[in-house]
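Notes to accompany the following structure.
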Amino acid sequence: EYEGDRNSEGQRHGFGKARLPNGDTYEGEYECGLRSGNGTYRFKNGALYTGNYLQNKKHGKGVFFYPDGSKYAGDWVHDQRQGYGEYLYANGDTYTGEWANNKRHGQGTYVYKDTGSKYVGCWVNGIQDGPAELIHLNHRFKGRFLNGKPLGHGKFIFDIGCEQHGEYIQPVQEEEEDEEEEEPPLPLEPIWKALEITKL
């Protein structure tokens, strides 16, 4: 079902409202039969997108409300979260920063609602990776991350006025003899090895 403007070829063109066969609805601008310009798309499952379209794809600035209560507001390229945007997660956590191919990628800040801690730094394909700071209520860690875990040299900076320098070391898995491994062991957490404490 469609009601709205059409061009001389009879294509949807200009402003219109459509109900799609799957129960979704769209209200907004069309160009030569395709959603292009500003519009609001309501999904049957309760999700909603309002923002820019280009040739039926989310493209430009837009806000997407997901059925679980989470929300993304920011840049889109060909239906993907790409560019700069803010994501509010269902659990109350937030991420503000750069995106590529729907994933956190580049520089960004992730705030954990439960603890108030925040990660400020680099992301690669949705994972904490590269130089960063992990900021807690009364101290922070400054160093590098690899695959979501701190690794290598870094320092803890305490609000009371001192720094603890050291490094995160990846422990080596102990090989167990003669045992059939059903599933691969979980990777061990990196271990902090303190080297020295200095004043700020």
Side-chain angles (χ1 to χ4, degrees), residues 4 12 14-20 22-137 139-151 154 157:
R12 300 171 185 186
F15 188 84
K17 295 181 186 180
R19 178 177 291 281
L20 290 85
N22 63 4
D24 296 349
T25 61
Y26 173 75
E27 183 174 335
E29 294 170 342
Y30 283 91
E31 210 170 282
C32 300
L34 300 174
R35 294 187 295 276
S36 274
N38 233 334
T40 298
Y41 191 107
R42 294 173 193 276
F43 296 80
K44 199 174 66 183
N45 67 4
L48 179 141
Y49 171 79
T50 183
N52 294 116
Y53 275 94
L54 182 65
Q55 297 180 330
N56 272 357
K57 293 189 187 310
K58 297 182 281 291
H59 193 92
K61 299 262 183 228
V63 183
F64 200 112
F65 298 89
Y66 297 87
D68 65 1
S70 59
K71 168 187 150 185
Y72 171 80
D75 297 330
W76 296 83
V77 176
H78 295 307
D79 265 345
Q80 308 273 317
R81 295 188 293 271
Q82 180 133 346
Y84 190 87
E86 180 172 326
Y87 201 115
L88 167 65
Y89 294 87
N91 65 1
D93 291 357
T94 58
Y95 171 80
T96 308
E98 294 176 297
W99 295 80
N101 299 322
N102 268 344
K103 293 186 173 159
R104 302 183 289 265
H105 190 87
Q107 285 289 326
T109 299
Y110 191 102
V111 179
Y112 299 88
K113 180 178 178 281
D114 283 355
T115 60
S117 296
K118 62 182 173 183
Y119 172 96
V120 182
C122 286
W123 298 78
V124 177
N125 287 328
I127 294 167
Q128 298 168 344
D129 203 309
E133 275 191 88
L134 194 54
I135 302 165
H136 303 290
L137 294 178
H139 70 285
R140 57 200 163 101
F141 170 75
K142 192 171 187 168
R144 290 188 72 85
F145 282 70
L146 182 67
N147 288 328
K149 304 273 187 230
L151 202 64
I157 303 156

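This structure is a prediction, so every number in the text was calculated from the model and none was measured.
Atom-to-atom distance recorded for Thr109:OG1 and Glu86:CD is 10.5 Å, nearest 0.5 angstrom. Separating the CZ atom in Arg12 from the OG atom in Ser36 is a distance of 13.0 Å, to the nearest 0.5 Å. One distance of note links CG of Leu134 with NZ of Lys118; it measures 11.5 Å at 0.5 Å rounding. With rounding to the nearest 0.5 Å, the separation of OH in Tyr66 from CG in Leu48 is 11.5 Å. Taking CD of Gln128 as the start and CG of Asn147 as the end, the distance is 11.0 Å to the nearest 0.5 Å. From Gln80, atom CD reaches atom CG of Asn102 across 4.0 Å, with rounding to the nearest 0.5 Å.
When the options Asn52, Leu34, Val77, Asp79 are evaluated for a side-chain contact (heavy atoms from CB on, under 4.5 Å) with Lys57, the one that passes is Asp79. Here the options are Tyr84, Trp123, Tyr72, the test is ring pair (Phe, Tyr, Trp, His ring centres under 6.0 Å), and the partner is Trp99; only Tyr72 passes. Among Phe145, Phe141, Tyr112, Tyr95, the one residue that satisfies the ring pair (Phe, Tyr, Trp, His ring centres under 6.0 Å) test with Tyr119 is Phe145.
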Practice problem: Please lay out, stage by stage, how His105 and Val124 fare under the test side chain to side chain contact (heavy atoms under 4.5 Å, CB included). | Solution: CA-CA 5 Å; His105 190 87; Val124 177; 4.1 Å; yes
Exercise. Go through the steps for Thr25 and Leu20 under the test side chain to side chain contact (heavy atoms under 4.5 Å, CB included), then give the verdict.
Key: CA-CA 6 Å; Thr25 61; Leu20 290 85; 5.6 Å; no
Self-check item: Val63/Lys71 under side chain to side chain contact (heavy atoms under 4.5 Å, CB included): CA gap, chis, key distance, verdict
Solution: CA-CA 7 Å; Val63 183; Lys71 168 187 150 185; 4.1 Å; yes
Practice problem: Please test Gln82 against Asn101 for side chain to side chain contact (heavy atoms under 4.5 Å, CB included), starting from the C-alpha separation and ending with a verdict. | Solution: CA-CA 6 Å; Gln82 180 133 346; Asn101 299 322; 3.6 Å; yes
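Taking all atoms of both residues into account, the shortest heavy-atom contact from Asn38 to Glu29 is N-OE1, 2.8 Å. Across all their heavy atoms, Leu88 and Thr94 have their closest contact at CD1-CG2, 3.7 Å. Between His78 and His59, the shortest heavy-atom contact is N-ND1, 3.1 Å. Taking each heavy atom of Ala132 and Cys122 in turn, the nearest pair found is CB-N, 4.4 Å. For the pair Gly126 and Lys103, the tightest heavy-atom approach, listed with the atom from each and the gap, is N-CB, 3.8 Å.
Residues Arg81 and Asp75 fail the side-chain proximity criterion, which asks for heavy atoms closer than 4.5 Å. Here the side chains of Lys58 and Phe64 are in contact, with some heavy-atom distance below 4.5 Å.
With sequence neighbours excluded, the residues that form a ring pair (Phe, Tyr, Trp, His ring centres under 6.0 Å) with Tyr53 are Tyr26, Tyr49. Under the side chain to side chain donor-acceptor pair (under 3.5 Å) criterion, Ser70 pairs with Asp68, Tyr87, sequence neighbours left out.
Between Asp24 and Arg42 there is no salt bridge, since no side-chain nitrogen of the basic residue lies less than 4.0 Å from a carboxylate oxygen of the acidic one.
Side-chain atoms of Asn56 come within 3.5 Å of backbone N or O of Arg35 as a donor-acceptor pair. With hydrogens and angles ignored, the 3.5 Å screen pairs no side-chain donor or acceptor of Glu133 with any backbone N or O of Val120.
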